[in-house]
A.B. asks: 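One structure coming up, written as structure tokens, with questions to follow.
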Amino acid sequence: MNDTIMKEKTFKYINACIIAVGFCFLFIGLFSHSLVDFDLWGYLAFGRVFWENGYFPYQDVFAYTPTKPVWVYHEWLTGVILYPLLKYLGPAGIQLLRYTLIVLTIYIMYRTVLQRGATPVFAFLCISLSLMLMRWGYVPVMRAQIFTYLFFTLSIYLIEIARKDERWFFLLGIIPVQLLWCNLHGGFVAGLGLIALYALGEGLSGKKFMPFVFIFIAAVLVTLVNPYGIDYWRYIIKAVTMPRPEIWEWLSVFDAWKIEFMREPIIIFGALSVACLSSFLFRGKRHLTETVIIAAAVFMGVKHVRHVVFLGVVFAVFMPGALSGMREFLKSRLVLQRIAWLTPILLIVFYLSANSLVKKTAFLDVLPTFSLSAPSNVFPTGALKWLDENSFEGNIAPSFPWGEYLIWSCYPRCKVAMDGRYETVYPEHVQKEYFDFLHGGKDWRIFLRKYPHDAFLLPAKTKIHSLMIEEQAWKTVYSDDLCVLFAKKDYKKVKPQNK
């Protein structure tokens, strides 16, 4: 008898070690990246103005084209946090924060799964599958959305605790979550939507829903505690409903598939959607709330491909409970003995295979990276080097993705015509004129002649590149395989000043 107990304990220990090691490899494979996101430079530029200039920039300071009277920057607190991390800890500080937030999100998902009564094995299985989809929300480094995924998961956790045994006071935890969330990223509206979905699902199920109504009202009111007051909500309402055809992440799943954008996450999203919906759709009122939330997550992912990550969170939280019902088929000790070693073996094979597929190599990374990279095949590093060597000062109209890189690297000696903060800063007519120019549209010269440009930093071998070559007033001063820099014909090269 003692030998049997000892064998069971040994097996559980080995099983846990195998799963833990495999999960670490999976984590590193999925989330260890150094390529930075274009928006990171915008966060850092805001943080630099806030900390070093000693004031809150309610008006834009980086652009030379017309801007809105108030710059409602919904990610302002992200910049305030990231800039001192970079300044005092370097790239490792930003990566450390990123890894910490990812680990917290995974841990909260795991605690939520256990709260809902699922087994740890199914919890690890479903979380591992969900991370294959969620990784697309965490690369490149670093995006403000990372706070949204954390707080979205934390909101589900608080709601599930409150929902179980009707411990409604736990819902009060959502108030400080929303307060932080709304100042870190505009995705806080997903948290409000989540509360509304729980209220709807519980109401349709004949359960208590008024606590969710009350906390929804409180959560909305607390979002008014921000630097912009009610103007923040005016911006958010417009931002949520505005089309963004220029940004591929805002395409529908079908449109993204047509242009072969994010096909891998779309395939995973489709598989998890089918699994979730088939597990909950016909289970009656008992699981109606879960069905409503899953359906909403699928809808949002289909509508905008950037939102597929939310289904990953929902899948990780709700599916383990459904799969744990399979334990009824495994009650026989004989069956359990036969599959006892199969579970850890299958998990470790999955972890190693997933790591290799993500990294496109058979070799495993054993440690995560703490560096940041802005490679020359993604960022116009060669053009910026030319600007520095020639002490260039003036107004630069960059290609859209590179605008925030310029405001971080070249401000205050250079200002930009447009950048990734576009709907928060630039009026609609400026946006329209800019993108018509960038795409070489019918009226592209309106933007060229209307504003006081000193240079254009454009993608090489594009339509607008060809059109600018024909302009007599402009000349090519730098080019490489990625970008081309145009300056005025009367521009004179200035020798770098000795420092």
Side-chain angles (χ1 to χ4, degrees), residues 36-98 100-101 140-148 150-151 176-188 222-236 239 372 374 379 384 393 395-396 398 401-427:
V36 300
D37 186 69
F38 293 115
D39 288 342
L40 173 62
W41 311 112
Y43 308 149
L44 294 173
F46 181 97
R48 180 170 57 191
V49 171
F50 179 90
W51 288 110
E52 296 192 355
N53 293 7
Y55 67 91
F56 193 99
Y58 284 101
Q59 286 78 38
D60 173 75
V61 296
F62 302 114
Y64 64 88
T65 49
T67 58
K68 295 179 179 179
V70 178
W71 171 21
V72 180
Y73 194 40
H74 61 93
E75 297 159 336
W76 72 270
L77 187 55
T78 298
V80 169
I81 292 171
L82 292 184
Y83 178 71
L85 282 178
L86 181 66
K87 182 176 180 179
Y88 296 109
L89 299 179
I94 292 179
Q95 285 282 31
L96 182 61
L97 172 64
R98 175 171 165 270
T100 300
L101 295 177
V141 182
M142 171 178 177
R143 318 186 72 186
Q145 287 95 316
I146 195 170
F147 294 106
T148 282
L150 170 65
F151 290 136
V177 168
Q178 279 290 323
L179 177 60
L180 268 176
W181 194 351
C182 74
N183 287 287
L184 286 162
H185 187 239
F188 75 93
V222 79
T223 61
L224 294 174
V225 183
N226 67 78
Y228 312 101
I230 194 65
D231 284 341
Y232 189 27
W233 265 101
R234 293 192 184 99
Y235 158 75
I236 286 293
L372 297 177
F379 292 89
L384 261 66
E393 296 183 7
N395 299 329
I396 304 175
W402 301 330
E404 289 173 288
Y405 186 50
L406 280 179
I407 67 176
W408 167 251
S409 304
C410 301
Y411 180 81
R413 61 186 176 88
C414 296
K415 291 192 174 186
V416 299
M418 179 66 64
D419 62 88
R421 308 165 301 141
Y422 78 124
E423 87 279 5
T424 68
V425 172
Y426 303 94

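All values below come from the heavy atoms of this structure, side chains included, with hydrogens, waters and symmetry mates left out. Since the model is a prediction, treat every value here as computed from it, not as a measurement.
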A.B. asks: Is there a donor-acceptor contact under 3.5 Å linking the side chains of T223 and W233?
C.D. replies: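 The criterion, which ignores hydrogens and geometry beyond distance, is satisfied for W233 and T223.
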
A.B. asks: For F147 and F151, take the angle between the two ring planes, folded into 0 to 90°, and tell me which bin it lands in: parallel under 30, tilted 30 to 60, perpendicular over 60.
C.D. replies: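 Taking F151 first and then F147, their aromatic rings lie parallel (interplane angle under 30°).
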
A.B. asks: First locate atom CD1 of I94, then atom CE of M142, and finally report the distance between them rounded to the nearest 0.5 Å.
C.D. replies: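 Answer rounded to 0.5 Å: 7.5 Å.
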
A.B. asks: Return the set of residues passing side-chain hydrogen bond (donor to acceptor under 3.5 Å, both in side chains) with W76 (not counting sequence neighbours), or none when no residue passes.
C.D. replies: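 Scan of W76 (side-chain hydrogen bond (donor to acceptor under 3.5 Å, both in side chains), adjacent residues dropped) gives N183.
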
A.B. asks: Answer with yes or no whether the side chains of E423 and Y235 bring together a donor and an acceptor at under 3.5 Å.
C.D. replies: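 Side chains of Y235 and E423: pair found under 3.5 Å.
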
A.B. asks: side-chain contact (heavy atoms from CB on, under 4.5 Å) between Q145 and D37: does it pass, once the steps are laid out?
C.D. replies: CA-CA 11 Å; Q145 287 95 316; D37 186 69; over 6 Å; no

A.B. asks: How many angstroms lie between atom SG of C182 and atom CG of L179, to the nearest 0.5 angstrom?
C.D. replies: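 Atom-to-atom, C182:SG and L179:CG are 6.0 Å apart.
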
A.B. asks: Got a sec, which residues hit side-chain hydrogen bond (donor to acceptor under 3.5 Å, both in side chains) with Q95, two or more places apart in sequence or on another chain?
C.D. replies: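 Partners of Q95 by the side-chain hydrogen bond (donor to acceptor under 3.5 Å, both in side chains) criterion, ordered by chain and then number, come out as R98.
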
A.B. asks: Applying side-chain hydrogen bond (donor to acceptor under 3.5 Å, both in side chains), can you list everything that pairs with T67, at least two apart in sequence or on another chain?
C.D. replies: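 With neighbours one apart ignored, the set is empty.
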
A.B. asks: Between Y73 and F46, is the gap from one ring center to the other below 6.0 Å?
C.D. replies: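 Aromatic pair counts; centres sit under 6.0 Å.
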
A.B. asks: Please round to the nearest 0.5 Å and tell me the distance separating atom CG of L406 and atom OH of Y411.
C.D. replies: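 Between L406 CG and Y411 OH, I get 14.0 Å after rounding to 0.5 Å.
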
A.B. asks: Distance check, rounded to the nearest 0.5 Å: L40 atom CG versus E404 atom CD?
C.D. replies: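 The CG atom of L40 sits 9.0 Å away from the CD atom of E404.
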
A.B. asks: Please tell me if the side chains of L89 and L96 come closer than 4.5 Å, counting only heavy atoms from C-beta onward.
C.D. replies: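 The answer is no, as the side chains (C-beta and beyond) never meet within the 4.5 Å cut-off.
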
A.B. asks: A side-chain contact here means heavy atoms from C-beta on lying under 4.5 Å apart; do L86 and P91 qualify?
C.D. replies: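 A side-chain contact exists here, since the closest heavy-atom pair is under 4.5 Å.
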
A.B. asks: Kindly indicate whether the side chain of L97, heavy atoms from C-beta on, has any atom under 4.5 Å from the side chain of I81.
C.D. replies: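 They are in contact (side-chain heavy atoms under 4.5 Å apart), so the answer is yes.
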
A.B. asks: Once you round to the nearest 0.5 Å, how far does CH2 of W71 lie from CG of D231?
C.D. replies: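 W71 atom CH2 to D231 atom CG measures 15.5 Å (nearest 0.5 Å).
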
A.B. asks: Are any side-chain N or O atoms of T78 and backbone N or O atoms of L184, one a donor and one an acceptor, separated by less than 3.5 Å?
C.D. replies: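 Yes, the answer is positive, given that a donor and an acceptor are paired below the 3.5 Å cut-off.
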
A.B. asks: So does W408 get a backbone contact from the side chain of R48, meaning a donor-acceptor N/O pair under 3.5 Å?
C.D. replies: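 Yes.
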
A.B. asks: Give me each pair satisfying salt bridge (Lys or Arg N to Asp or Glu O under 4.0 Å) with a member in residues 66-76, each pair once, sequence neighbours excluded.
C.D. replies: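 Not a single pair qualifies under salt bridge (Lys or Arg N to Asp or Glu O under 4.0 Å).
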
A.B. asks: Partners of Y426 by side-chain hydrogen bond (donor to acceptor under 3.5 Å, both in side chains), sequence neighbours excluded?
C.D. replies: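 Per chain and number, Y426 pairs via side-chain hydrogen bond (donor to acceptor under 3.5 Å, both in side chains) with D419.
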
A.B. asks: Using atom types as modelled, flag every donor-acceptor pair under 3.5 Å from a side chain in residues 50-61 to any protein atom, sequence neighbours excluded.
C.D. replies:
unit_1, atom_1, unit_2, atom_2, d
W51, NE1, V80, O, 2.8
E52, OE2, Y83, OH, 2.1
Y58, OH, P227, O, 3.2
Q59, NE2, P69, O, 3.4
D60, OD1, F62, N, 3.4
D60, OD1, R421, NH1, 2.9
D60, OD1, R421, NH2, 2.9
D60, OD2, F62, N, 3.1
D60, OD2, A63, N, 2.8

